[in-house]
Each structure stands twice: as C-alpha cells, then as structure tokens.
J.: 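Mind having a look at this structure? Questions to follow.
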Amino acid sequence: MDNIRTIRFDNLHDIELAHIFECGQCFRWNECGDGSYIGVAGGNAAHVVLKHKDDASTLVVECTGGSEEYWCSYFDLDTGYGDMKRALLASDSKLDEAIDTCYGIRILNQDYWEVLISFIVSQNNNIPRIKKCIESLARSYGTEIGEFMGEVRYAFPTPEQLAEATLEELAALKLGYRNTYLAAAPEHYKEQGVPTGSAEEKHKALLSYLGVGPKVANCILLFGLRDFTAFPIDVWMKKIMAELYGFDIKDVKGMQKFADEHFGELGGIAQQYLFYFYRSMQ
DNA sequence: ACCCAGGTGGCTT
DNA sequence: AAGCCACATGGG
C-alpha cells in the first residue's frame with residue numbers, strides 16, 4: 001500500500017500504548033515485538049509508536065488514512081487523564097498501585113457499532129479468542145484496506161455488510177452460540193440507531209439487543225459511547241471487588257451501587273485500572 | 001477429562 | 001425477584 005501518511009503528536013502525558021491496547025477495551029491492535037502496535041480503526045490501518053523523552057511523550061501514527069483530528073480523537077489526546085487520576089487517588093487510596101503501575105490508560109474513541117458487536121462476541125469468551133473471532137468477521141465481511149506492513153488489512157464490517165452474513169456462514173467462523181446474536185444485530189441497529197439520553201436510558205436501550213446483558217451494555221456504554229460513569233463487572237471485577245471492598249462475590253448489584261456512589265463520573269476509569277492491573281497480575 | 005473465559009437467554013421456582 | 005443451566009469453542 002502506498003500513500004502512507006505519518007502524523008505526529010508531541011508533548012503528551014499520561015499515555016502508554018501497552019496499557020491502552022491491553023486493558024481490554026479493544027481487540028484489533030497487536031504488539032509488534034518492539035512496543036509498537038499495528039491495528040485498524042475507522043477503516044484505516046495504522047502502525048503506532050510512542051517515544052518517551054524527559055517528562056513528555058510523542059505519538060507517531062503511520063496510517064493508510066484518517067486525519068490528524070481523527071487520530072487525536074481516537075486516542076483521546078485532548079482529555080486530561082492526569083486530573084482524573086488525581087481525583088480518583090484522592091478519593092480512594094486502594095487505587096494507588098493500579099494507577100501507579102498502569103499509569104497510561106486512555107479510553108479510545110472507538111466506533112459504536114464495532115464496540116457493540118465486539119462485546120457481544122466477548123461474552124463467556126477469552127480475549128485471544130475474541131480477537132480471532134473479530135478478525136475473522138473483518139476478513140470475511142469488511143472492506144479490504146490493502147496490504148499494510150506485510151499483511152492485507154480489513155476494516156470492521158459495517159451493519160450493512162454484516163447483514164449480508166447468513167447464520168451458516170457465521171457458524172463457520174467459529175463464533176460459537178453467539179452467531180444468532182450477530183445475525184440479529186444489524187437489523188436492530190438499523191431500527192434503533194445510536195442510543196441517546198441519560199446513562200440509564202442508553203443502558204436500557206442496549207439491553208434490547210439479543211446477547212446484550214448488563215455487563216456487555218456497560219462495556220458498550222464505556223467504550224462505544226464514552227460514558228465514563230459505566231462500571232462493567234465481569235468475573236474478574238467480581239473477584240477484585242470482593243477482595244478489595246469486602247463484597248460477597250455474587251453481590252453484583254451492591255458492587256454497581258457502590259461504584260456509582262464511590263467513583264461517580266470516573267467509574268469507568270477506576271474500573272479499567274482495577275481490571276487491567278489485577279488481571280495482569282493473574 | 002475437566003474447568004474456565006470481559007455472560008446471557010430462557011425456564012423454573 | 002432469584003436460582004439454575006445450556007450455550008460453542010479453544011486454551012490451560
């Protein structure tokens with residue numbers, strides 16, 4: 001692929017690629033072996049490198065497309081994560097180690113539809129297999145971007161493209177029982193559009209998708225709609241909340257209520273730090 | 001062979 | 001409202 005463009009962002013803080021891409025919010029970025037990552041976002045393939053120098057960082061994006069504004073928004077570079085982290089630390093010292101160790105998490109500005117489908121696939125599944133499933137979907141139904149850094153890359157399929165898939169084809173992609181959920185999603189998306197309103201209203205709208213329950217809806221709220229009040233509780237978060245705050249492992253309602261009152265507007269940020277930190281410790 | 005993974009739908013109490 | 005359990009697939 002010719003026409004590779006290089007975009008550079010200087011003087012950045014509170015950013016680390018591994019923490020952004022490995023914290024469980026996205027599934028299409030892969031590490032190259034040297035700390036840089038290759039992935040696809042918004043129909044563009046990209047290779048991203050982060051360089052730390054003194055107190056600041058520089059992000060270099062080599063991409064097949066996407067404006068400077070697009071990538072700035074995608075990496076959420078205009079949001080002050082330092083302030084959010086300081087606010088969380090001031091309210092709860094139990095976050096000290098997680099925030100200190102995983103300092104550079106940012107919530108990517110991902111496409112709503114892609115997040116919706118990705119987290120339907122994620123249920124009762126593990127991250128390596130989720131990534132394979134999503135890559136298969138892109139390869140089978142997404143627009144071919146072209147060869148980029150030694151591999152042909154594919155955009156995530158649009159709702160119209162995924163609507164073309166038959167149940168038999170989806171089953172052949174080894175999606176498991178979730179294939180029926182994916183088969184139903186494009187039409188529902190066409191009818192409902194992108195949810196608006198309060199967090200509760202959006203959450204409720206998401207629950208009307210087959211295959212979307214409370215946990216997946218919270219992931220979509222946080223990663224697809226950038227609602228930082230969302231606090232997804234999966235099997236890992238149940239263990240973490242039980243261990244850290246003394247909840248009964250099954251008391252998900254109590255955990256949700258606590259997160260809402262205790263972390264408020266920054267629940268999603270707190271959740272990401274806790275999830276990623278404790279998961280990386282196994 | 002068994003258990004688990006960024007859970008949910010559907011059925012039974 | 002709460003408690004089961006099946007659901008595909010692949011890795012440990």
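Just so you know, these numbers use all the heavy atoms, side chains as well, and skip hydrogens, waters and symmetry mates. Residue numbers start from 1 in every chain, and the chains themselves are labelled A, B, ... in the order their sequence lines are given, proteins ahead of strands.
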J.: Roughly how many Å is it from CZ in A:R28 to P in B:dG6, rounded to a whole number?
T.: 19 Å
J.: Using 30° and 60° as the class boundaries, would you call the ring planes of A:Y245 and A:H262 parallel, tilted or perpendicular?
T.: perpendicular
J.: At under 4.0 Å between heavy atoms, what does A:Y209 touch on the DNA or RNA strands: base, sugar-phosphate, or nothing?
T.: sugar-phosphate
J.: Parallel, tilted or perpendicular: which one describes the rings of A:F21 and A:Y37, with boundaries at 30° and 60°?
T.: tilted
J.: Report the C-alpha distance between A:Y103 and A:E16 in whole Å, list the side-chain angles of each, state the deciding distance to 0.1 Å, and finish with yes or no for side chain to side chain donor-acceptor pair (under 3.5 Å).
T.: CA-CA 7 Å; A:Y103 56 92; A:E16 187 58 68; 2.5 Å; yes
J.: Rounding to the closest angstrom, what is the interatomic distance between B:dC11 and C:dA8 at atom P?
T.: 15 Å
J.: Here's a test of your reading of the structure: between A:Y181 and A:M237, which maps to the more 5' nucleotide of DNA chain B?
T.: A:M237
J.: Taking the six-membered ring for Trp, are A:F119 and A:F27 ring centroids under 6.0 Å apart?
T.: yes
J.: Select base, sugar-phosphate, or nothing to describe what A:G24 touches, counting heavy atoms under 4.0 Å on all strands.
T.: base
J.: Counting only non-hydrogen atoms, which of residues 96-134 of chain A are less than 4.0 Å from DNA chain C?
T.: A:N124, A:N126, A:R129, A:K132
J.: Hey, does the side-chain of A:Y177 have a donor or acceptor N/O within less than 3.5 Å of a partner on the base of B:dG7?
T.: yes
J.: For the pair A:F263 and A:F258, name the ring-plane relationship: parallel under 30°, tilted 30 to 60°, perpendicular over 60°.
T.: perpendicular
J.: Look at all strands and tell whether A:C23 reaches a base, only sugar-phosphate, or nothing, counting heavy atoms closer than 4.0 Å.
T.: base
J.: What integer distance in Å separates A:K250:NZ from B:dG7:C1'?
T.: 14 Å
J.: Just checking A:R279: base, sugar-phosphate only, or nothing, at a heavy-atom cut-off of under 4.0 Å?
T.: sugar-phosphate
J.: Hey, does A:K238 reach any base, or is it just sugar-phosphate, or nothing, if we go heavy atoms under 4.0 Å?
T.: nothing
J.: Could you go through the side chain to side chain donor-acceptor pair (under 3.5 Å) check for A:N125 and A:S122 one step at a time?
T.: CA-CA 5 Å; A:N125 211 341; A:S122 79; over 6 Å; no
J.: Under 4.0 Å between a side-chain N/O of A:K174 and OP1 or OP2 of C:dG11, yes or no?
T.: no
J.: Whether the side chain of A:K51 engages the backbone of A:S57 through a donor-acceptor N/O pair (distance < 3.5 Å, no angle test) should be reported.
T.: no
J.: In whole Å, what is the span from the CG atom of A:L175 to the P atom of C:dG10?
T.: 11 Å
J.: Round to a whole Å and report the spacing from CD1 of A:I240 to P of B:dG6.
T.: 12 Å
J.: Taking only the side-chain heavy atoms of A:K239 (C-beta and beyond), determine which of B:dA5, B:dT8, B:dG6 contains the nearest atom.
T.: B:dA5
J.: Could you tell me how far apart A:K253 (NZ) and C:dG3 (P) are, to the nearest whole angstrom?
T.: 11 Å
J.: For the residue pair A:Y177 and A:Y181, categorise the inter-ring angle as parallel (less than 30°), tilted (30 to 60°) or perpendicular (more than 60°).
T.: perpendicular
J.: Roughly, in whole Å, what's the span from CG in A:L206 to C1' in B:dG7?
T.: 15 Å
J.: Can you measure A:K215 atom NZ to B:dA5 atom C1' for me and round it to whole angstrom units?
T.: 10 Å
J.: Rounding to the closest angstrom, what is the interatomic distance between C:dG3 and B:dG6 at atom C1'?
T.: 23 Å
J.: In whole Å, I'd like the distance from the CD1 atom of A:I233 to the C1' atom of B:dT8.
T.: 16 Å
J.: Starting the side chain at C-beta, find the nucleotide from B:dG7, B:dG6, B:dG9 nearest to A:F223.
T.: B:dG6
